[in-house]
Amino acid sequence: YSDTVGASNCKTASAGHKPKADLTSGLMTSEEQCAAGKYSTGAAEVCTSCGSGETSDAGAAGCRTCATCGLGKYQTAECSPTEETQCEDCVAGKASLGGAVSECTTCSGDGKYSDTVGA
């Protein structure tokens, strides 16, 4: 793209961006960020979509693997290309080894209990 009148060279879109066309002329006169769920390593005409199990923020130079919930947490929302995995703490009396579990396990039997939030 070229954002300067009388330019002798065109500019290359930077990482996390793609060239943007002027609405009036249709010429590439600036650059714009890639949307969330897409990325560009730079010098690209278009932004590339993240794959399954990946996510990115707007203006990303690459996608990252979706997070998993840690110990003592359960998943409240799955990861998508535009949103990271959402996790919540287990309440006292329940526990979780984390990962992609959608609920915490109730502590029962064999004298087991949990007195800690996020156990």
Side-chain angles (χ1 to χ4, degrees):
Y1 72 93
S2 174
D3 57 0
T4 307
V5 174
S8 59
N9 292 308
C10 293
K11 293 181 177 181
T12 301
S14 55
H17 294 77
K18 67 177 184 171
K20 180 180 178 184
D22 178 79
L23 295 177
T24 305
S25 70
L27 298 173
M28 299 298 184
T29 58
S30 62
E31 64 178 12
E32 64 183 334
Q33 280 190 337
C34 295
K38 298 184 177 229
Y39 73 96
S40 166
T41 56
E45 293 276 329
V46 297
C47 298
T48 304
S49 295
C50 294
S52 178
E54 296 180 322
T55 188
S56 75
D57 298 322
C63 297
R64 63 185 178 277
T65 302
C66 294
T68 57
C69 298
L71 295 173
K73 297 185 181 290
Y74 67 99
Q75 183 174 295
T76 58
E78 288 186 32
C79 178
S80 73
T82 59
E83 294 287 330
E84 186 57 90
T85 304
Q86 300 297 308
C87 304
E88 294 287 333
D89 288 333
C90 296
V91 298
K94 294 189 174 195
S96 169
L97 293 176
V101 298
S102 60
E103 60 184 43
C104 299
T105 304
T106 300
C107 298
S108 63
D110 299 329
K112 295 181 180 177
Y113 74 98
S114 171
D115 60 358
T116 307
V117 172

message = Please enumerate all residues that pass side chain to side chain donor-acceptor pair (under 3.5 Å) together with Glu31, with sequence neighbours excluded.
response =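 Glu31 satisfies side chain to side chain donor-acceptor pair (under 3.5 Å) with Ser14 once adjacent residues are dropped.
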
request  = Report yes if the side chains of Leu97 and Leu71 come closer than 4.5 Å at any heavy-atom pair, otherwise no.
outcome  = yes

Gap between atom CD of Glu54 and atom OG1 of Thr65 - 0.5 Å precision =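 Between Thr65 OG1 and Glu54 CD, I get 6.0 Å after rounding to 0.5 Å.
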
request  = Considering only Ile, Leu, Val, Met, Phe, Trp and Tyr, and joining two whenever side-chain heavy atoms are under 4.5 Å apart, list the other residues clustered with Tyr74.
outcome  = Val101

query = When clusters are formed from ILVMFWY side-chain contacts under 4.5 Å, directly or step by step, what else is grouped with Val5?
reply =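 Its cluster mates, by chain and number: none.
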
ask   = So which heavy atom on Ala15 is nearest to which on His17, and how close?
value =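 Ala15 and His17 have their closest heavy atoms at O-ND1, 3.0 Å.
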
inquiry  = Looking at every heavy atom in both Thr85 and Cys69, which two are closest together, and how far apart are they?
reply    =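 So the two residues come closest at CG2-SG, 4.2 Å.
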
Keeping [X] on the side-chain end and [Y] on the backbone end, is there a donor-acceptor pair under 3.5 Å?
X	Y	result
Ser80	Glu83	yes
Ser56	Gly62	no
Ser40	Cys47	no
Thr82	Ala36	no

Just list the side-chain donor-acceptor pairs under 3.5 Å for residues 18-26, sequence neighbours left out, or say none.
residue, atom, partner, partner atom, Å
Asp22, OD2, Thr24, N, 3.0
Asp22, OD2, Ser25, N, 2.7
Asp22, OD2, Ser25, OG, 3.2
Ser25, OG, Leu27, N, 3.1

ask   = Considering residues at least two apart in sequence or located in another chain, which fulfil the side-chain contact (heavy atoms from CB on, under 4.5 Å) criterion with Glu78?
value = Gln75

query = Who pairs with Glu84 by side-chain contact (heavy atoms from CB on, under 4.5 Å), at least two apart in sequence or on another chain?
reply = Thr55, Arg64, Cys66, Ala67, Cys79

